[in-house]
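Here the structure is laid out as structure tokens; the discussion comes afterwards.
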Number of protein chains: 2
Amino acid sequence: MTQPIPNATRNTRQRAEVLALLAETDGFRAAQDLHQTLRQRGVKVGLTTIYRTLQLLVDAGEVDATRSHAGEQLFRRCSRTHHHHLVCRHCGRTVEVRGPAVERWADKVASEHGFTDVGHTVEIFGRCPDCPA
Amino acid sequence: MTQPIPNATRNTRQRAEVLALLAETDGFRAAQDLHQTLRQRGVKVGLTTIYRTLQLLVDAGEVDATRSHAGEQLFRRCSRTHHHHLVCRHCGRTVEVRGPAVERWADKVASEHGFTDVGHTVEIFGRCPDCPA
DNA sequence: TTATATGCAAACGCTTTGCAGTAGG
DNA sequence: CCTACTGCAAAGCGTTTGCATATAA
């Protein structure tokens with residue numbers, strides 16, 4: 001199974017489900033998305049509980065959170081190999097890109113300022129070749 | 001004065017005001033923030049109009065948009081020297097950082113994929129020195 | 001047993017939309 | 001004059017909160 005949530009005083013079925021689902025996934029996922037997936041699998045978990053569990057995980061540093069372009073909050077388990085996105089401003093097309101240089105730069109900048117437990121998000125946007133001006 | 005909005009068919013007082021305010025500012029600003037500033041200056045512009053004008057500017061490629069950690073949409077005039085943020089996950093403290101290396105990397109990655117009119121956002125997060133685990 | 005977790009429903013904050021009135025060209 | 005723009009009010013959408021109920025320990 002998965003690890004219990006560090007700060008949790010009780011380990012419930014619902015929390016285990018959320019944690020297990022996050023463990024399956026590499027990238028960022030929206031809370032509502034996680035909820036829907038669990039429902040589809042017949043797992044009964046309230047949306048509220050998912051939000052609360054995710055918040056707990058973020059506070060515990062187990063999960064990183066960002067915002068999607070559309071405004072949803074996105075969550076991902078920490079310490080996964082991750083990628084960034086190159087997004088077309090016009091058609092929304094998305095390309096996954098990797099950048100070891102940025103990862104290193106981010107860690108360096110953060111530690112220069114005394115920050116620890118460092119994560120980062122990068123998004124590059126522009127006009128893709130299929131969307132002429 | 002400022003340039004008219006490229007796609008606009010009419011140039012109104014309200015649009016000029018929004019554009020002028022954006023021109024004054026270097027960083028990202030929330031729509032509501034722009035609205036409040038204009039109201040404080042005695043300029044009468046509806047919040048709706050601000051949102052619609054900003055959307056127009058984004059479509060025209062005059063303005064870049066991101067999301068704040070809190071979920072607000074943030075806007076900034078393009079082609080400004082800009083910085084990125086190093087944010088403490090716990091207390092919210094923010095440090096402005098600059099990274100020529102990232103700027104170059106982003107442009108390179110984008111052009112390798114045929115993207116033009118490239119912009120990017122970067123956010124580094126972690127635990128700041130004043131927030132011990 | 002009892003404090004914590006759950007889940008519904010209602011509240012919230014930001015953003016978008018419908019529509020009648022206003023004004024640029 | 002005519003169509004685009006404005007702005008209010010209301011709807012939309014993701015997220016959070018209040019509160020009664022269920023449950024882990």
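Convention: sequence-line order gives letters A, B, ...; per-chain numbering from 1. Note that the coordinates shown come from a computational prediction; the quantities given were computed from them, not determined experimentally.
If you measure from atom CD of B:Glu72 to atom C1' of D:dC13, you get 16 Å, rounded to the nearest angstrom. Per the geometry, CD belonging to A:Gln55 stands 14 Å off P belonging to C:dA5, to the nearest Å. As rounded to whole Å, 10 Å separates atom P of C:dT16 from atom CG of B:Leu54. The nearest whole Å value for the distance from the NZ atom in B:Lys44 to the C1' atom in D:dC8 is 11 Å. Atom P of nucleotide C:dA23 and atom CZ of B:Arg13 are separated by 9 Å, given to the nearest angstrom. The separation between B:Gln73 atom CD and D:dC13 atom P is 16 Å, rounded to whole Å. Here D:dT16 presents its P atom at 13 Å from CG of A:Leu56, a figure rounded to the nearest Å. Counting to the nearest Å, the P atom of D:dG18 and the CG atom of A:Leu47 are 17 Å from each other.
The main-chain N or O of B:Gly114 is never found under 3.5 Å from a side-chain atom of B:Ser111 such that the two would form a donor-acceptor pair. Although no hydrogens or angles enter the test, the distance criterion places a donor-acceptor pair under 3.5 Å between the side chain of A:Arg13 and the main chain of A:Lys44. Using modelled atom types, no side-chain atom of A:His35 and backbone atom of A:Gly46 make a donor-acceptor pair closer than 3.5 Å. Side-chain atoms of A:Arg67 come within 3.5 Å of backbone N or O of B:His69 as a donor-acceptor pair.
An OP1 or OP2 oxygen of C:dG7 is reached within less than 4.0 angstrom by a side-chain nitrogen or oxygen of A:Thr49. Distances shorter than 4.0 Å separate some side-chain N or O of B:Arg15 from OP1 or OP2 on D:dT6. Taking 4.0 angstrom as the limit, B:Gln14 places none of its side-chain polar atoms (N or O) nearer than this to OP1 or OP2 of C:dA23.
Counting distance only, with no hydrogens placed and no angle test, the side-chain atoms of B:Arg52 and the base atoms of D:dG7 include a donor-acceptor pair under 3.5 Å.
A salt bridge is absent between A:Glu62 and A:Arg15: the closest approach of a Lys/Arg side-chain nitrogen to an acidic carboxylate oxygen does not fall below 4.0 angstrom.
Each of A:Ile50 and B:Thr12 was assigned the nucleotide of DNA chain C with the nearest heavy atom; the assignment lying further toward the 5' end belongs to A:Ile50. Between A:Val45 and B:Arg67, the residue whose closest nucleotide on DNA chain C is further toward the 5' end is A:Val45.
The nucleotide whose nearest atom lies closest to any side-chain atom of B:Arg10 is, among D:dT17, D:dC2, C:dT16, D:dC2. Ranking D:dC5, C:dA9, D:dG7 by closeness to the B:Thr48 side chain, first place goes to D:dG7.
Contact annotation for A:Gln32: base contact, defined as any heavy-atom pair under 4.0 Å involving a base atom.
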